[in-house]
Amino acid sequence: MCGFAGFVITARVADPLATARLMGERIAHRGPDDAQYYADSRVALAFRRLSIIDLEGGRQPLANEDGSCVLVFNGEVYNYRQLRTELTRRGHRFATESDSEVVLHGYEEYGRGILDRLRGMFAFVIWDKRTNTLFGARDIFGIKPLYVYDGGGEFLFASEVKAFLDHPGFATSVRCERLADYLSYSYLPDEETLFEGVRKVLPAHWFTWRDGRFDTGCYYELAYRADRSLSEGEWAERIQAVLDDSVAAHLVADVEVGAFLSSGVDSSYLVQRAVAAGSRLRTFSVGYEDERYSELAQAQWLAGQLGVDNRAALVSAEQFFDATADIQYFMDEPLPNPSENPLYFLAQDAARFVKVVVSGEGADELFGGYPNYQQECCTAAYERRVAGPMRALLGRTAGALPAFRGRNFLVRGAKQPWQRNSRADYVFGAQERLRFLSDDVRRAADASPGPQEASRRYFDEVPGADAVTQLQYADMKTWLPYDILLKADRMSMAHSLELRVPYLDREVLELALTLPVGQRASSDRSKIALRAAAGQVLPRQVASRQKLGFPSPLASWLREDAYYERVREAFGSFAAREFFAPAELMRLLDEHRAGARTGVSHMQRIWSFYSFILWHDQFFGTSKRARRRG
């Protein structure tokens with residue numbers, strides 16, 4: 001697990017190696033164990049290493065035998081031994097025992113076709129001097145990050161955007177026309193970022209750069225193909241077999257591997273399967289000092305049942321708020337998900353004892369774990385029983401009446417699945433968000449489509465699929481890489497900790513894509529087949545426990561004087577005035593403070609503005625981390 005950066009050399013760079021060194025040092029948290037740099041007449045590369053496999057070898061940038069190709073690689077390839085054997089038979093000679101060298105020789109042998117053979121999490125870039133081409137790619141889920149900057153005659157790439165800050169040709173600003181989308185989604189649900197000129201290399205995509213031309217394409221498409229021939233018990237057996245194989249692959253390392261353990265089924269099942277295979281994992285859990293919002297007691301009880309050591313971290317309100325600016329810096333893109341804060345402290349605690357952890361991200365998206373999938377099952381039953389024109393009439397009527405039990409159900413039932421996508425207007429609806437923007441930003445955002453319309457493309461990519469499958473597909477394309485995996489990578493790597501996700505394995509995915517919807521979710525059940533598998537080996541109350549997310553006391557804390565004042569000060573800052581309507585922000589904050597009496601809560605909305613303001617200060621403002629200007 002590592003971090004890398006690089007760029008095409010132009011006249012703006014007087015000393016390419018010195019610039020590469022600065023860019024590498026900016027992301028030293030991703031790889032504190034080693035640092036190496038490379039430059040020729042065209043390209044410079046920086047590499048920071050966290051040594052996990054082949055501790056003595058595997059240094060990067062890594063060249064092939066004749067030096068014609070040079071690689072920087074971040075991640076793990078779990079089938080690298082099989083690929084190494086195959087490539088050796090084809091005449092390739094290896095100088096290290098690392099998985100990164102397998103990728104390099106695989107590129108020599110198969111070109112872009114190597115991507116179809118890789119099982120793992122990765123982002124990499126290869127400088128091919130034979131064709132003067134940069135070739136890069138990202139794993140199919142987007143577990144590992146990769147950004148490019150293409151502007152002003154410069155081409156830069158890196159594991160994290162902040163590495164670009166130390167390049168003299170990096171000139172950027174906030175992409176104001178996308179700020180409205182951030183307010184709706186909490187992230188940008190596509191290849192763009194809030195940095196002008198910076199884009200993400202999408203999950204399951206490759207890119208090439210040659211002579212100033214950037215091209216990109218997809219190498220893996222999600223293809224749902226339900227197999228309705230198996231019973232729930234048979235599905236449970238298949239899930240357990242494929243997950244056992246994935247867990248075994250994810251435990252391979254030359255250092256100790258630990259695990260994150262919550263009270264939920266996803267992480268509990270992973271730890272149980274590791275224990276069943278003979279591993280004695282050290283586990284780590286996190287909770288709040290306020291026990292009303294903590295799952296620590298359940299996690300520690302389960303650790304005792306499984307016979308594994310468990311270490312618990314407690315997070316106070318002061319720690320939570322004090323860390324938020326750092327968290328937004330490490331995040332690269334503003335992300336106002338309060339669960340990233342305890343994850344930051346969980347990773348910090350684990351990193352004191354291990355270099356690698358396994359974690360349960362991805363199970364909900366693959367196996368049908370979110371409540372909105374259950375809601376969609378209810379809506380689908382309603383659609384089968386009530387004709388479209390009548391649903392439309394009932395929806396209009398319900399929408400015009402004061403709130404009553406069942407109102408939201410009738411309004412939802414009149415919409416198309418893409419209009420019911422709760423991720424699209426997760427925080428703000430299309431029109432409501434505009435009044436919170438400053439005049440200049442509102443004008444820039446006026447031309448952008450509403451969040452539901454922007455999400456429609458993902459539903460259109462799986463025509464004919466049932467609505468639950470369409471929602472899962474949209475989550476796999478947006479929520480998973482831009483929220484779940486973004487915070488998992490950044491919060492772990494902030495503390496030089498490698499986080500592995502066995503559910504997000506190519507073989508596990510291929511099985512999940514064949515699950516019929518009835519084995520994923522129903523109106524009253526979630527992750528049906530996965531829970532059936534877990535129920536064979538876990539206590540029943542763990543296997544059946546409904547998803548809790550990570551409940552947060554943040555709403556209560558924002559009503560306390562000390563933390564209300566912190567946010568109030570931010571809402572009066574220059575960034576608040578430049579991008580938002582401060583009077584509207586203060587109205588939200590004061591309404592929320594009074595909500596202890598009135599029942600009104602604006603926690604997520606307040607946190608969206610506050611997170612952006614702190615992020616802006618880290619990258620563009622007065623923070624010591626902000627890029628020096630002038």
Side-chain angles (χ1 to χ4, degrees), residues 1-7 20 23-24 27-28 30-38 43-65 67-81 83-84 87 92 94-129 133-148 157-160 163 201 203-209 219 252-254 355-356 489 493 496 498-500:
M1 189 63 60
C2 309
F4 61 78
F7 55 92
M23 295 173 72
I27 55 172
R30 296 192 72 92
D33 294 338
D34 191 23
Q36 293 293 317
Y37 307 96
Y38 166 91
V43 165
L45 304 171
F47 183 75
R48 299 291 312 206
R49 187 184 185 198
L50 181 66
S51 302
I52 304 296
I53 290 177
D54 189 10
L55 304 185
E56 298 303 319
R59 303 182 80 185
Q60 299 180 41
L62 182 64
N64 61 348
E65 297 97 325
S68 60
C69 293
V70 186
L71 166 85
V72 282
F73 172 90
N74 170 29
E76 304 287 352
V77 175
Y78 300 117
N79 62 336
Y80 79 97
R81 291 192 176 105
L83 291 172
R84 180 189 174 101
L87 289 164
H92 292 268
F94 289 82
T96 75
E97 297 296 323
S98 66
D99 53 351
S100 52
E101 191 176 8
V102 169
V103 175
L104 180 59
H105 287 290
Y107 169 77
E108 284 187 282
E109 183 68 31
Y110 304 113
R112 193 190 303 164
I114 183 58
L115 300 173
D116 298 324
R117 299 168 181 264
L118 297 179
R119 178 185 181 185
M121 56 179 186
F122 57 82
F124 68 83
V125 174
I126 294 173
W127 169 228
D128 188 339
K129 293 189 275 188
T133 301
L134 285 165
F135 172 73
R138 197 172 173 203
D139 66 70
I140 60 178
F141 300 100
I143 303 167
K144 293 292 100 187
L146 180 54
Y147 294 91
V148 298
F157 53 88
S159 300
E160 297 186 12
V201 176
H205 276 62
W206 53 265
F207 82 83
T208 58
W209 183 95
Y219 66 86
V252 174
D254 294 331
K355 273 192 170 183
V356 181
D489 175 80
M493 293 309 295
S496 307
E498 174 170 308
L499 186 144
R500 297 179 177 180

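Since we're looking at a predicted model, the values are computed, not measured. Basis for what follows: all heavy atoms, side chains included, without hydrogens, waters or symmetry-related copies. Numbers here are sequence positions counted from 1.
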Any idea which heavy atoms bring [X] and [Y] closest together, and the distance?
X: V252; Y: R500; result: O-NH1, 2.7 Å
X: F157; Y: F7; result: CE2-N, 3.9 Å
X: A5; Y: M23; result: CB-CE, 4.0 Å
X: P32; Y: L50; result: CD-CD1, 3.9 Å
X: C69; Y: L104; result: CB-CD1, 3.9 Å
X: V72; Y: A46; result: CG1-O, 4.2 Å

Separation of [Y] [atom2] from [X] [atom1] (nearest 0.5 Å):
X: F124; Y: R138; atom1: CZ; atom2: CZ; result: 13.0 Å
X: Y38; Y: W127; atom1: OH; atom2: CH2; result: 8.0 Å
X: L45; Y: Q36; atom1: CG; atom2: CD; result: 12.0 Å
X: R84; Y: S98; atom1: CZ; atom2: OG; result: 8.0 Å
X: N79; Y: R117; atom1: CG; atom2: CZ; result: 10.5 Å
X: L115; Y: Y110; atom1: CG; atom2: OH; result: 13.0 Å

Closer than 3.5 angstrom, by distance alone: can the side chain of [X] be matched with the main-chain N or O of [Y] as a donor-acceptor pair?
X: Q60; Y: F47; answer: no
X: N74; Y: G3; answer: no
X: N64; Y: S68; answer: yes
X: S159; Y: F4; answer: yes

> Got V125 and F207 here, is their nearest side-chain heavy-atom distance under 4.5 Å?
Replying inline: yes
> Do the non-hydrogen side-chain atoms of V148 and W209 ever get within less than 4.5 Å of each other?
Replying inline: no
> Should D139 and L118 be marked as a side-chain contact (heavy atoms from CB on, under 4.5 Å) after you check the CA-CA gap, both sets of side-chain angles, and the distance that decides it?
Replying inline: CA-CA 8 Å; D139 66 70; L118 297 179; over 6 Å; no
>> Would F73 and L62 count as a side-chain contact (heavy atoms from CB on, under 4.5 Å) here? Give the steps.
In response: CA-CA 9 Å; F73 172 90; L62 182 64; over 6 Å; no
> Should V102 and V77 be marked as a side-chain contact (heavy atoms from CB on, under 4.5 Å) after you check the CA-CA gap, both sets of side-chain angles, and the distance that decides it?
Replying inline: CA-CA 9 Å; V102 169; V77 175; 5.6 Å; no
>> Looking only at the side chains, is there a donor atom on one of H105 and E109 sitting less than 3.5 Å from an acceptor on the other?
In response: no
> E498 and M121: side-chain contact (heavy atoms from CB on, under 4.5 Å), yes or no, with the steps?
Replying inline: CA-CA 11 Å; E498 174 170 308; M121 56 179 186; 4.0 Å; yes
> Between R30 and D489, does at least one N-O distance fall below 4.0 Å, as a salt bridge requires?
Replying inline: yes
> Given D33, which of R49, R48, K355 fulfils the side chain to side chain donor-acceptor pair (under 3.5 Å) condition?
Replying inline: K355
>> Does the plane of the ring in Y219 sit parallel, tilted or perpendicular to the ring in F122? Use 30° and 60° as the thresholds.
In response: parallel
